[in-house]
Number of protein chains: 2
Amino acid sequence: MAKADFSPIADTTRRAEIVALLRRAILTGQLAPGQKLNELRISEQMRVSRAPLREAMRELVQEGILTSIPYAGTFVIEVTAKDIDDAYSFNKVMDELAIERAWPLRDQRFFDELDRRHEAVKQATRALDTTRQIETALQLHGLIYEWADNSVLLETWQRLTSRLQMYFALHQHARNEPVPAEDVHETYVRLLKGKDMRAAQRHAREHIDLDFEELLAYARGLEQRPSRGA
Amino acid sequence: MAKADFSPIADTTRRAEIVALLRRAILTGQLAPGQKLNELRISEQMRVSRAPLREAMRELVQEGILTSIPYAGTFVIEVTAKDIDDAYSFNKVMDELAIERAWPLRDQRFFDELDRRHEAVKQATRALDTTRQIETALQLHGLIYEWADNSVLLETWQRLTSRLQMYFALHQHARNEPVPAEDVHETYVRLLKGKDMRAAQRHAREHIDLDFEELLAYARGLEQRPSRGA
DNA sequence: TCTTGTTAGATTGTCGACAATCTGCTTGTC
DNA sequence: GACAAGCAGATTGTCGACAATCTAACAAGA
């Protein structure tokens, strides 16, 4: 009775591969914020013409991690403390919604997947792979969105994820510290398996708090005492 | 003391104009859901080469109103009852957040702008211009997002707006009724000017409810009793 | 009759070259 | 020396043509 459960064929267009490459370069900090993307140089490096490269860049502009100025160029977005703060407070509200919606839909598959992703984080942590640690942590966190059964909510989360990953990667790059050895997701996973939804929501908020606070402090430090008035 | 308040120069690239044209065609229902966009035909009609057209389409795919299948084509998104329901329940939560954030930032400029946009809706209603009525109503509603001082929240709203406008336009198209003469936004505007934030939030939710309920009923009617199981 | 292989037409994906625009330097003038 | 005009050089925007892929119609075989 096992239905053959094929996954979609891999995207075979150059455009899709370029998107993946560029996104990765940006999210890992290989391409720094504010940096200009020279079309000719990149197309030559990738052995690709400018047409698919430009289309890929247009996608990433819409995704919000590149910004384009006509006849001037396309740049990696700058990251301000306000951007991080905005993403943070928005994320808090979304999290509560996602947990609320996903809560009654939790089943064995959910718990299994939760463990699987949790394991992936722990493995990346053991391997001292900071990039992958951020990536897997976000995937762990994203499970409630995938389970919330709301396409708009999920899509919004995925958009936000790009930027969050970029922010955290920047932070890690700057600190250049070894990754924390202890498992900060233990409580989160346990609460999601439990019976108290409010407690899970509360923890999710506070748990996110911690990481973000560090991030914010770092970003504020970068900005030279700007005039923050309207 | 009046600062020269210039608006940005108009986008001079064909790409930007194509994006605007296509978006308009989709949001007004000129291009029906599911319809395929033939690149050659459109590029000839617009007297433009396929390169900027394709870049424009890539943007709209990311914006969520087009969908692309490699080597098969790019299509206007289909609208299901679930999509509308998802957008609806997501919008409710966002609205509460937006009102909460915008509330303490309301000032004279806010009230003036509120009146201005309200007037625009009434004018479109008097002119029996349904398309413009939808557009202006969404702009009126979007003010709280612009005032909430959160870039992520605003951006998310703008993305959602595209689809909402499309949904409502479809609905209007299908009903083909004259627009309602009475002013459904009167209470909304009055509450936003008042002192009771909770009341404003409650009304926004219920006000939105009305329009959406009709929309949902319509969309469900379209779908041939689909199996709604997982 | 149903399935499978082939082929022609149409459409999308990609390429290399040209046009439009910006940037920085040079030049000339005061 | 300061400043504006004008001139390369580089970069982005756009174009037309070619290559890769899909669709459907049709033929051949079980």
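- For B:S49, a side-chain nitrogen or oxygen approaches OP1 or OP2 of D:dC15 to under 4.0 Å.
- Between A:W157 and A:H141, the ring-plane angle classifies as tilted under the 30° and 60° cut-offs.
- For A:L40 and D:dA10, the CG to P distance is 11 Å, given to the nearest whole Å.
- Taking atom CZ on B:R50 and atom P on D:dA19, their separation rounds to 15 Å, with Å as the unit.
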Could you walk me through whether B:E63 and B:S162 pass side-chain hydrogen bond (donor to acceptor under 3.5 Å, both in side chains), step by step? CA-CA 8 Å; B:E63 201 174 307; B:S162 287; 2.9 Å; yes
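- Taking atom CZ on A:R58 and atom P on C:dT14, their separation rounds to 16 Å, with Å as the unit.
- When heavy atoms are screened at a 4.0 angstrom cut-off, B:I18 is found touching no nucleic acid atom at all.
- When distances run from any side-chain atom of B:P70 to the nucleotides D:dT12, C:dG13, D:dC15, the shortest one goes to C:dG13.
- Distances from the side chain of A:R54 to the nucleotides D:dG13, C:dG13, C:dC15 place D:dG13 closest.
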Is there a side-chain hydrogen bond (donor to acceptor under 3.5 Å, both in side chains) between B:D83 and B:Y167 once you walk through the steps? CA-CA 10 Å; B:D83 290 332; B:Y167 296 163; 4.9 Å; no
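- A donor-acceptor pair under 3.5 Å links the side-chain atoms of B:K82 to the main chain of A:D149, judged by distance alone.
- Taking only side-chain atoms of A:N38, from C-beta outward, the nucleotide of D:dC15, C:dG13, D:dT12 with the closest atom is D:dT12.
- Comparing B:A72 and A:T74 along DNA chain D, the residue whose closest nucleotide (by nearest heavy atom) sits nearer the 5' end is A:T74.
- Straight-line distance from the CD atom of A:E39 to the P atom of C:dG16: 15 Å, rounded to whole Å.
- Atom pair A:R47:CZ and C:dG13:P shows a separation of 24 Å (rounding to whole Å applied).
- Judged by closest nucleotide on DNA chain C, B:Y71 is the one of A:Y71 and B:Y71 placed further toward the 5' end.
- Regarding B:E55, its CD atom lies at a distance of 9 Å from the C1' atom of D:dT14, rounded to whole Å.
- Atom CG in A:L53 sits about 14 Å away from atom P in C:dG16, given to the nearest Å.
- The pair B:E59-B:R23 does not count as a salt bridge, with every side-chain nitrogen at least 4.0 angstrom from each carboxylate oxygen.
- Between the CD1 atom of B:I69 and the C1' atom of D:dC22 there is a distance of 12 Å, rounded to whole Å.
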